[in-house]
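Since the model is a prediction, treat every value here as computed from it, not as a measurement.
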Amino acid sequence: MTIAASLLTNWLLVTSWLVYIAFVLLALRYAPYHALFSDPRKQHFLYASSIILALFWLLEIQVSAGFAIHPLLITATVLIFGWSLTLISASIALAFITLLGRADWAAFPLNAILTFAVPATVSWLVLTLLNSLRFKNLFIYMLGAGFAGAALSVAATGLLGAGLFHLLDSPLLPTPGLSSLPLILLIMFPEGFINGTLVTAMTVFFPDMVKTFDDRDYLDRP
């Protein structure tokens, strides 16, 4: 989800910068640098993820002037790299999109919050909840963390966006309310399907590259 800076108020721009900086500082603080730099393959995967995210985000649909939606692909990134590296990789991808002129630098922090910070956090919370269950299964990981996590992250982003539209009260933005729910529901399934499919493929073919997957928990348990 990207919003033009011309639609935003000064207080929202300042607040979004503060929130985004807090997210980035946490990501830099808890990023697993040793695991990343000790394996060149993980570094290449991380660089590739920034490119893939940028390409996916170019597939945007213009809803109204200054407002567009696009696939997120954040849940799969979180499951593969973890929360911290996802924020770093996604920040690079959004910077690339902004350099191409597809987004505004002034709106960069708010677009970052809506595009990956909130979805990544929701996906990580869903994974944490699933890991707290006594019963663990491979399909719970794929469908629960992959499919459901992505769907819920889109729902959270959509609801947050609707709340912002209500505060901005701009005639150029969609009117928040019950009319926005069908659009959110419509986006949830394809987002869940794309992320669930990617997580399944990575878990099957490259399980050692998926940070949040441990075959001892999901396969070796009776």
Side-chain angles (χ1 to χ4, degrees), residues 1-5 7-9 11-33 36 46 49-58 60 67-99 102-129 145-146 148-168 173 184 187-188 191-192 194-195 198-199 211-212:
M1 180 185 296
T2 55
I3 303 178
L7 302 178
L8 306 177
T9 59
W11 69 265
L12 184 56
L13 290 173
V14 173
T15 303
S16 60
W17 271 113
L18 295 175
V19 174
Y20 173 68
I21 290 174
F23 272 110
V24 171
L25 291 177
L26 285 173
L28 294 174
R29 168 64 178 81
Y30 293 104
Y33 298 109
L36 177 65
L46 185 64
S49 71
S50 295
I51 299 174
I52 293 172
L53 287 175
L55 291 176
F56 261 83
W57 295 346
L58 288 173
E60 63 180 17
F67 171 61
I69 58 176
H70 52 73
L72 299 180
L73 204 67
I74 290 299
T75 298
T77 311
V78 168
L79 297 180
I80 295 172
F81 297 105
W83 183 85
S84 299
L85 292 181
T86 294
L87 259 67
I88 296 173
S89 174
S91 294
I92 297 173
L94 184 58
F96 179 73
I97 292 294
T98 308
L99 283 172
R102 303 294 288 269
D104 299 331
W105 283 112
F108 184 93
L110 183 62
N111 289 331
I113 293 170
L114 293 173
T115 302
F116 57 83
V118 169
T121 302
V122 172
S123 300
W124 189 257
L125 290 175
V126 171
L127 177 65
T128 302
L129 176 61
L152 291 174
S153 68
V154 168
T157 302
L159 293 175
L160 177 59
L164 290 175
F165 298 161
H166 178 73
L167 291 176
L168 294 173
L173 290 171
I184 295 175
I187 300 174
M188 287 173 64
E191 186 71 29
I194 293 172
N195 284 268
L198 180 57
V199 169
K211 173 181 171 58
T212 61

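Minimum heavy-atom separation, A90 to L53: CA-CD1, 4.0 Å. Here the closest non-hydrogen pair linking L198 and A76 is CD2-CB, 3.6 Å. Nearest heavy atom pair, residue T157 against residue P119, reads OG1-CG, 3.1 Å. Closest heavy-atom contact between G192 and A150: CA-CB, 3.8 Å. A pairwise comparison of heavy atoms in E191 and P71 identifies OE1-CA, 3.6 Å as the closest pair. A pairwise comparison of heavy atoms in A103 and T98 identifies O-CG2, 3.4 Å as the closest pair.
Two residues are said to be in side-chain contact when any heavy atoms from C-beta on lie closer than 4.5 Å; E60 and T2 meet this criterion. Between T86 and W124, the closest side-chain pair of non-hydrogen atoms is not below 4.5 Å. For the pair P109/V19, no side-chain contact is recorded, criterion being any heavy-atom separation below 4.5 Å from C-beta on.
With no hydrogens or angles considered, no side-chain donor-acceptor pair links T77 and S49 at under 3.5 Å.
A side-chain donor-acceptor contact under 3.5 Å links T115 to the backbone of N111. With D104 contributing its side chain and A4 its backbone, the two residues share no donor-acceptor pair below 3.5 Å.
Checked against S50 for a side-chain contact (heavy atoms from CB on, under 4.5 Å), the options I88, I92, L55 give a single hit: I92.
Summarising the geometry, atom OG1 belonging to T9 is positioned 8.5 Å from atom CG belonging to L167; distances are rounded to the nearest 0.5 Å. Expressed to the nearest 0.5 Å, how far CG of L36 lies from OG of S84 amounts to 11.5 Å. Here the CG-OG distance, from L72 to S153, works out to 6.0 Å after rounding to the nearest 0.5 Å. The CD1 atom of I80 lies 11.0 Å from the OG1 atom of T75; values are rounded to the nearest 0.5 Å. We find the CD1-CH2 distance between I97 and W57 to be 7.5 Å, quoted to the nearest 0.5 Å. In this structure, CG in L125 is found 6.5 Å from OG1 in T121, a value given to the nearest 0.5 Å.
In this pair, Y20 and F108 present their aromatic rings perpendicular. The plane angle is above 60°, beyond the 30 to 60° band.
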Run the numbers on V78 and L127 for side chain to side chain contact (heavy atoms under 4.5 Å, CB included), then give the verdict. CA-CA 10 Å; V78 168; L127 177 65; 5.5 Å; no
Could you walk me through whether I113 and S16 pass the side chain to side chain contact (heavy atoms under 4.5 Å, CB included) check? CA-CA 8 Å; I113 293 170; S16 60; 4.1 Å; yes
Could you check F116 against L87 for side chain to side chain contact (heavy atoms under 4.5 Å, CB included), going step by step and ending with a plain yes or no? CA-CA 7 Å; F116 57 83; L87 259 67; 4.3 Å; yes
Walk me through it: do L99 and W105 pass the test side chain to side chain contact (heavy atoms under 4.5 Å, CB included)? CA-CA 8 Å; L99 283 172; W105 283 112; 3.6 Å; yes
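Atom OH of Y30 sits in a sparse spot, with 12 or fewer heavy atoms from other residues, nucleotides or ligands closer than 6.0 Å.
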